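Below: one structure, written as structure tokens.
The model shown is predicted, which means the values in this text are computed figures rather than measured ones. In each ligand, atom 1 is the first atom listed, and ligand 1 is the first ligand listed. Hydrogens, waters and symmetry mates play no part in the numbers below; they use all other heavy atoms, side chains included. The chain is numbered in sequence order, starting from 1.
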Amino acid sequence: MTTTKFHPEPYTQALTTKSVSYESPSNIALIKYWGKHGIQIPKNPSISFTLNNCKTTTTLSYEKRSEPGDAYELKVILDGKHKPGFEPKIHQFFGRIEAYLPFIKDYAFTIETSNSFPHSSGIASSASGLSALALCLMEMEREMQPDMTLKHFKQKASFIARLGSGSGCRSLEGPIMVWGEHADVDGSSDVYGVQYPYQIHSVFDHYQDTILLVDKGEKPVSSTVGHNLMHNHAYAASRFDQAVENLSRIIPILQEGDLDGFVALVESEALTLHAMMLTSNPYFILMKPNTLHIIDKIWEYRRETGVPVCFTLDAGANVHVLYPEKDKEAVQGFIKNDLSKYCQDNRYIFDNVGNGAIKL
Ligand code: DP6
């Protein structure tokens, strides 16, 4: 995979703006990315729904440095408060992207950011946060290189986001994104996410995702450590093959609106992700007892009502409840009456599939 196309052409225009703002959403994988190599190259392709309500809003302000040094000059402000603790992660991100956006050395940055979801929700903000920041940086580059095509802008923004957060490269557009080269998905790439290019049945329009906040505690294992445990994992090779196969299988499911197939595949992917954690060395469990109670209740409800509601999980205890828009009233009643008691402080977030990032 060539990355040379992301080294910039000489800039033709001076930067005259002083700031840029983007909002970028979170996403939830249907086929999971778990395992990476090199610098943020996935071991298998993944596909996700872009979310609508869970998002990060970022304003990037910049000023030319009088004497650029070796270190980057940046300050992170979260909800109006300076957060030096977040800065090392952005320094590391800048180190990874400098070869592609060399101007970052020449500016002093202030990154003002806020999330639509609560900090203590256990919802990761890295995908939305790093994709929003990547888009702001790309907007600076576009100003200096105005003949950049929209296609290049999108690919490179996703490429840059990936270097900060793997799953973040799937947040830029919607409603469905694919990341990782796959023979059945035209244009797919290991180094950036692409909009899912095929027909999607109308049953998936405005598909609902309610995030049940089961545990807001610190995760015992960061996602980077988790991904790395796929090296030398006894089941890694077959898991990666399975993800490739599942991506082929989801194409007709999405096209035909085959909700039974969707439910079976999505739940199996979620459980497989956690099975990889259960069987790694060292092993770990991110689900909580209430995660399992919720799964059990969803299965019971589906059996009894025939409503095609299903769950998926990310690398944590929270449960994403997925269902068609037409079943919204019934399922939201079920969530309120039967599932909210398993959530910490009865908290959950209604979300639905969205169309990606927006420049403000
Ligand atoms: C379980 O994108 O958070 O949510 O690349 O280290 O930033 P890094 O990891 P991250 O991993 C997400 C893993 C997942 C599955 C998925 O979103 O596909």
The salt bridge (charged side-chain N to carboxylate O under 4.0 Å, His left out) partners of Glu98 (sequence neighbours excluded) come to Lys105
(request) Kindly write out the residues that satisfy salt bridge (charged side-chain N to carboxylate O under 4.0 Å, His left out) with Arg249, not counting sequence neighbours, or none if the list is empty. (result)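 Checked Arg249 against salt bridge (charged side-chain N to carboxylate O under 4.0 Å, His left out); zero matches.
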Residues Lys32 and Glu269 bridged, charged N to O under 4.0 Å: no
inquiry  = For Glu139, is there an ion pair with Arg142 - N to carboxylate O distance below 4.0 angstrom?
reply    =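 Looking at Glu139 together with Arg142, the answer is yes, because their closest N to O distance falls below 4.0 Å.
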Name the residues in contact with ligand 1, where contact means a heavy atom under 4.0 Å away: which are they?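 Residue list for ligand 1: Ala29, Lys32, Tyr33, Trp34, Lys36, Gln40, Ser165, Gly166, Ser167, Arg170, Ser223, Thr224, His227, Leu273, Asp314, Ala315.
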Should Ser125 and Phe117 count as side-chain neighbours, where that means a heavy-atom distance under 4.5 Å?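 A side-chain contact under 4.5 Å exists here.
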> Hydrophobic clusters join Ile, Leu, Val, Met, Phe, Trp and Tyr when side-chain heavy atoms are under 4.5 Å apart, directly or via other members; which others share one with Leu286?
Replying inline: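 Grouped by the 4.5 Å side-chain rule, Trp34, Val221, Val225, Leu229, Met230, Tyr235, Phe240, Leu273, Met276, Met277, Phe284 form the rest of the cluster around Leu286.
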